[in-house]
Amino acid sequence: MNILILGSGGREHALAWAVKQNPKCDRLIVAPGNAGMAELAECADININDGGAVCVFAEENAVDFVIIGPEAPLAAGVADDLRAAGILVFGPSKAAAELEASKHFTKAICDACAAPTAGYGHFTDAEAAKAYIRKEGAPIVVKADGLAAGKGVVVAMTEKDALDAVDDMFGGAFGGAGAEVVIEEFMDGEEGSLFVLCDGTDVLPIGTAQDHKRVGEGDTGPNTGGMGAYSPAPVLSAEVEARAMEEIIKPCVAEMARRGTPYEGVLYAGLMIKDGAPRLVEYNVRFGDPECQVLMMRLGAQALDLMQACAEKRLSDAQVNWADDHAMTVVMAANGYPGSYEKGTVIKGVDALPQTSTQMCFHAGTAMKGTDLVVTGGRVLNVTARGPHLEAAQKAAYDMVDQIDWAEGFCRRDIGWRAL
Ligand code: AMP
Ligand code: GLY
């Protein structure tokens with residue numbers, strides 16, 4: 001099977017690593033890829049948000065299966081273009097990707113199927129939004145409706161912060177994304193993520209994870225794309241997961257099908273759990289990054305079989321072979337991230353790290369410059385390990401971190417603290 005993976009982050013490196021272990025994989029191409037992916041796949045320089053270009057490339061290279069990593073090509077309809085061209089693809093249609101692209105859309109789906117989530121109001125006018133905030137009081141959550149690269153959510157602990165957030169969003173702080181806002185009830189509890197594959201009809205859970213969004217130790221400081229993650233998430237016990245499947249995931253997937261926009265691909269549910277009851281915070285229509293790294297570390301080669309079964313609408317026969325293990329990933333980022341940071345600094349020691357089925361350093365923002373591994377982004381390496389328990393995974397991951405020589409980078413030293 002010839003496989004093309006779209007994307008260039010740690011998520012896609014982990015996908016490529018898992019896929020490559022499967023004997024079904026003959027030729028592996030990644031677009032655009034990064035320095036880590038270049039070690040196990042061919043890198044192709046195509047515009048992954050251009051469905052036409054992706055289809056032409058796939059046809060010219062006899063690609064049998066395309067796996068779409070990030071949300072941008074999904075929101076641009078690249079999966080639709082591939083399906084129309086008769087190319088097998090893992091990833092939802094543009095219409096189904098609305099579950100991530102529009103918070104108001106997701107709220108309406110939850111309403112239609114009575115899935116538990118925060119109460120909310122939807123506004124296209126700042127004064128009406130402010131009146132709602134004054135009526136409800138703080139804490140309260142203000143969200144820009146569209147894709148805002150994870151920065152469109154303000155959890156306001158005071159009424160003033162909430163009112164200011166409304167001004168910012170209608171003032172264009174988030175571009176077109178702020179022309180509509182959703183204002184939500186603040187939900188208290190512990191967060192966890194549940195990942196399921198959906199083939200339009202059937203759903204298959206493929207793991208849980210928790211991430212650390214804040215840049216600083218003890219979960220302090222500004223939000224980032226994620227500084228580390230681990231799987232499984234203890235907060236998502238078998239009972240809580242079963243409730244989330246029955247009360248949230250299955251009803252929403254059925255509602256998408258009922259509307260004629262069946263959901264096909266991985267669905268990532270962000271959940272808030274309080275007293276054993278899950279409520280939906282948000283959906284993403286892709287794997288989380290860095291959550292994917294820990295899921296792939298646990299699934300290994302079977303990830304390809306599962307994604308293929310999903311794309312071929314055979315999930316009712318598919319099953320996950322679980323090992324009773326734990327995985328952790330520690331993100332190494334450039335000093336200054338998530339603010340401004342330096343590019344082009346040189347990282348040493350990565351090529352001497354173990355590359356095994358239980359220890360891998362996935363690359364995100366890296367490139368080769370001559371023989372040097374250099375930094376091209378904010379989140380740079382995802383040092384990932386697996387073990388019989390979380391402590392073992394954590395120790396193995398930090399042992400690898402300690403072998404990396406990169407003065408201009410940093411990581412959090414407390415990934416997993418909530419679970420340990
Ligand atoms: P989102 O982009 O919707 O996942 O929001 C980003 C983060 O904001 C979430 O991971 C939560 O930590 C927090 N958040 C979002 N909505 C709520 C809510 N209704 N109540 C409490 N926290 C929330
Ligand atoms: N790590 C959070 C995300 O991928 O959205």
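Both ligands and their constituent atoms are indexed starting at 1 by order of listing.
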- Item | salt_bridge(D111, K107) N-O dist < 4.0 Å | no
- Mark the output for R11 as yes if a heavy-atom distance to ligand 2 is under 4.0 Å, and as no if none is. no
- Task: May I ask you to identify the nearest protein heavy atom to atom 2 (C) of ligand 2, giving residue, atom name and distance to one decimal place in Å?
- Result: Y268 OH, 3.4 Å
- Message: Centre-to-centre under 6.0 Å for Y132 and F123, is that the case here?
- Response: yes
- Item | Any F287 heavy atom less than 4.0 Å to ligand 2 | no
- Query: Strictly under 4.0 Å, does any heavy atom of P290 approach an atom of ligand 2?
  - Reply: yes
- Query: At what distance is the nearest protein heavy atom to atom 5 (O) of ligand 2, and which residue and atom is it?
  - Reply: R286 NH2, 2.9 Å
- Report the part of V155 in contact with ligand 1, treating N, CA, C, O as backbone and CB onward as side chain, heavy atoms under 4.0 Å; options are side chain, backbone, both, neither. side chain
- Task: Could you list which atoms of ligand 1 come closer than 4.0 Å to a heavy atom of K213?
- Result: 10 (O)
- Atoms in ligand 2 with a heavy atom of G225 nearer than 4.0 Å: 1 (N), 2 (C)
- Query: Among the heavy atoms of G288, does any lie under 4.0 Å from an atom of ligand 2?
  - Reply: yes
- Specify side chain, backbone, both or neither for K213, according to which of its non-hydrogen atoms lie closer than 4.0 Å to ligand 2. neither
- Message: If the threshold is 4.0 Å, N to carboxylate O, is there a salt bridge linking E264 and R83?
- Response: yes
- So is M187 polar-close to ligand 1, meaning N/O to N/O under 3.5 Å? yes
- Candidate pair H326 and H389, rule ring pair (Phe, Tyr, Trp, His ring centres under 6.0 Å), full reasoning: CA-CA 5 Å; H326 296 254; H389 42 72; 7.6 Å; no
- Determine, for D219 against R418, whether the closest basic-nitrogen to carboxylate-oxygen distance falls under 4.0 angstrom. yes
- Does any donor atom in the side chain of S231 or R298 lie under 3.5 Å from an acceptor atom in the other side chain? yes
- Identify, by atom number and element, the atoms of ligand 1 in contact range of K103, meaning under 4.0 Å from any of its heavy atoms. 2 (O), 3 (O)
- Value for CG (N284) from CG (D289), rounded to nearest 0.5 Å, stands at 11.5 Å
- Task: Salt-bridge test for D164 and K130: reply yes if a basic N is under 4.0 Å from a carboxylate O, no otherwise.
- Result: no
- Item | Lys/Arg N to Asp/Glu carboxylate O, E255 vs R259, below 4.0 Å | yes
- Item | Nearest-option assignment for atom 15 (C) of ligand 1, heavy atoms, candidates E100, E191, K143, R279 | K143
- Find all atoms of ligand 2 within a distance of less than 4.0 Å from any non-hydrogen atom belonging to D211, and give their numbers and elements. 1 (N), 2 (C)
